[in-house]
Amino acid sequence: MNSTSSTLSTPPPSSSKVSPKTAVKDCVAGACAGAIAKTAVAPIERVKLLMQLQFSIDRSPRSMKERVPTRTSAWEVMKRVYREEGILSFWRGNTPNVMTQAGTAAMNFLLMDWYKIAITPLLHWSLSLPSDRSEEKRKKRRALISSFLSGGLAGGTVLTALYPLVFARTRLAMDVGNNTVDAPRKYPAGMRDVYQTIWRADGWRGFYQGYGIALAGVVVYRALHLGGYDAVKTEILHRRGVRVKSDNFSIDRSRSDLTMTERFLAAQIVSITAGTACYPIDSIRRRLMMQAGLRSEERLYKNSFDCFRKVLKTEGTRGFYLGIGPNLIRSFGAAVLLVSYDAFKVML
């Protein structure tokens, strides 16, 4: 190996640490960005959930299966929710949503940087292996691998801690009605009612319905979403002539300014791609969430594989993409999240 590659195998110790100040800055920026973005698109997300779970197991008179016919457009669902439940109902379930997204955003972005540092020694070691590619191309490829791996690992790490909040958000979004005698709500007290009801019926396991498929999905989604965003930015800057740093396979920050338009376009492309690719997984896990609290003989699906098989058989591939339209619009919020994170980091 040449001298440059030998140098790369021993990165400076200072590059492998994240200062406490930087860690706090990353957490606050991620939390603020997540809370703002999710609140902004909460109405669209609730419409998406109502369409996505219109065939859920709730067969009561209040169920969306009866209230919203199949093939109903997002606009019709939105009008019906407004007419029957009022304007504030579009933010129903937004409290656990904001808590989830603020925590997820803060921890994901922070852990992503930590995971990058953790896998850097392995990437440096891989540079010592024989290869016909140029050193610059090899470093660029490892920068992309670093982005996708760290994004996926960060998402998987956060999921377990915050999954009960995701569960509560889904159940509250599907809690249709205006809390009157004619249209009572199942969880009028919000999160407290959700947790008490499910705990009495299923215990702590009820809060983790669909967790297995969700874990697989979140690793893929975060790898595409966070890692993809980082990778797209790296590619844009690489084409400008900004080279990957040899110590941690990242772009030189002093020369890595992107315009807000470039950041937003990169984020939008990544959000749409990741959201569409992982949407069937999201549909399956949310259907499983809706089964919590039911007796075993009342449940439609035994597990995620059984859910996939039955949905495909009874609804076709379309069943996996119910509500995909609003979800694509909602990706605007995901793009805002990524851009806002960068903006908050500059402000802090």
Side-chain angles (χ1 to χ4, degrees), residues 34 37-38 41 44-45 48-49 51-53 55-56 93 96-97 99-101 103-105 107-109 111-112 115 147-171 173-174 205-231 267 269-292 300-312 315 317-328 330-331 333-335 337-338:
K38 280 300 178 179
V41 299
I44 300 174
E45 185 167 2
K48 168 252 182 183
L49 286 172
M51 296 180 68
Q52 184 181 33
L53 298 174
F55 294 118
S56 69
N97 197 31
M99 293 171 63
T100 300
Q101 292 305 320
T104 299
M107 296 174 70
N108 263 320
F109 283 114
L111 290 174
M112 184 175 174
Y115 275 122
S147 295
F148 284 109
L149 278 180
S150 57
L153 290 171
T157 302
V158 172
L159 178 70
T160 303
L162 300 181
Y163 197 77
L165 287 174
V166 180
F167 174 87
R169 193 277 182 275
T170 301
R171 297 300 290 250
M174 293 301 295
R205 292 179 181 275
F207 304 130
Y208 285 86
Q209 287 290 319
Y211 172 77
I213 188 70
L215 180 61
V218 77
V219 171
V220 175
Y221 179 79
R222 293 300 176 185
L224 293 174
H225 194 227
L226 294 178
Y229 179 59
D230 202 44
I269 292 172
V270 170
S271 296
I272 290 176
T273 302
T276 302
C278 299
Y279 198 78
I281 296 176
D282 183 65
S283 294
I284 292 174
R285 68 148 177 166
R286 292 191 188 276
R287 290 188 186 225
L288 293 175
M289 284 181 182
M290 294 302 295
Q291 295 191 142
L300 294 179
Y301 315 114
K302 298 177 182 178
N303 50 49
S304 57
F305 294 105
D306 185 56
C307 180
F308 178 85
R309 181 179 60 82
K310 288 181 177 177
V311 171
L312 184 62
E315 303 172 37
T317 54
R318 179 178 176 273
F320 297 111
Y321 288 94
L322 294 173
I324 187 65
N327 192 65
L328 292 177
R330 189 176 65 95
S331 67
L337 167 62
L338 292 173

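Values below: every heavy atom of this structure, side chains too, minus hydrogens, waters and symmetry copies.
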Roughly how far, to the nearest 0.5 Å, is the [atom2] atom of [Y] from the [atom1] atom of [X]?
X: Leu53; Y: Ser283; atom1: CG; atom2: OG; value: 7.5 Å
X: Cys307; Y: Leu288; atom1: SG; atom2: CG; value: 5.0 Å
X: Leu312; Y: Phe320; atom1: CG; atom2: CZ; value: 5.0 Å

| task | Check step by step if side chain to side chain contact (heavy atoms under 4.5 Å, CB included) holds for Leu328 and Ile272. | result | CA-CA 6 Å; Leu328 292 177; Ile272 290 176; 3.9 Å; yes
Who pairs with [X] by side-chain hydrogen bond (donor to acceptor under 3.5 Å, both in side chains), at least two apart in sequence or on another chain?
X: Lys310; value: Asp306
X: Tyr163; value: none
X: Thr157; value: Tyr115
X: Arg286; value: Thr170, Asp282

Mark yes or no for whether [X], through its side chain, and [Y], through its backbone, hold a donor-acceptor pair below 3.5 Å.
X: Glu45; Y: Lys38; answer: no
X: Gln52; Y: Tyr321; answer: no
X: Tyr279; Y: Asn327; answer: no

Show the atom names and distances, to 0.1 Å, of all donor-acceptor pairs under 3.5 Å that link a side chain in residues 206-218 to residues at least two apart or in another chain.
unit_1: Tyr208; atom_1: OH; unit_2: Thr160; atom_2: O; d: 2.8
unit_1: Tyr211; atom_1: OH; unit_2: Thr160; atom_2: OG1; d: 2.5

| query | Which pair of non-hydrogen atoms, one from Pro326 and one from Lys48, has the smallest distance, and what is that distance? | reply |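 Looks like CB-CB, 3.8 Å.
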| said: Go through it in stages, so that I can follow the logic: the residues are Glu315 and Leu322, the test is side chain to side chain contact (heavy atoms under 4.5 Å, CB included), and I'd like the CA-CA distance, side-chain angles, deciding distance and then a yes or no. | reply: CA-CA 10 Å; Glu315 303 172 37; Leu322 294 173; 3.9 Å; yes
| message | For Val311 and Ile284: C-alpha separation, side-chain torsions, deciding distance, then whether side chain to side chain contact (heavy atoms under 4.5 Å, CB included) applies. | response | CA-CA 9 Å; Val311 171; Ile284 292 174; 5.8 Å; no
| field | Steps toward side chain to side chain contact (heavy atoms under 4.5 Å, CB included) verdict (Ile324, Met51) | value | CA-CA 9 Å; Ile324 187 65; Met51 296 180 68; over 6 Å; no
| Looking at side-chain heavy atoms only, is the closest gap between Val166 and Met289 below 4.5 Å? |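 Val166 vs Met289: side chains touch.
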| side-chain contact (heavy atoms from CB on, under 4.5 Å) partners for Val220, two or more places apart |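 Partners of Val220 under the side-chain contact (heavy atoms from CB on, under 4.5 Å) test: Leu224, Cys278.
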| task | Quick one: do Phe308 and Tyr301 satisfy ring-ring contact (aromatic ring centres under 6.0 Å, His included)? Show the steps, please. | result | CA-CA 9 Å; Phe308 178 85; Tyr301 315 114; over 10 Å; no
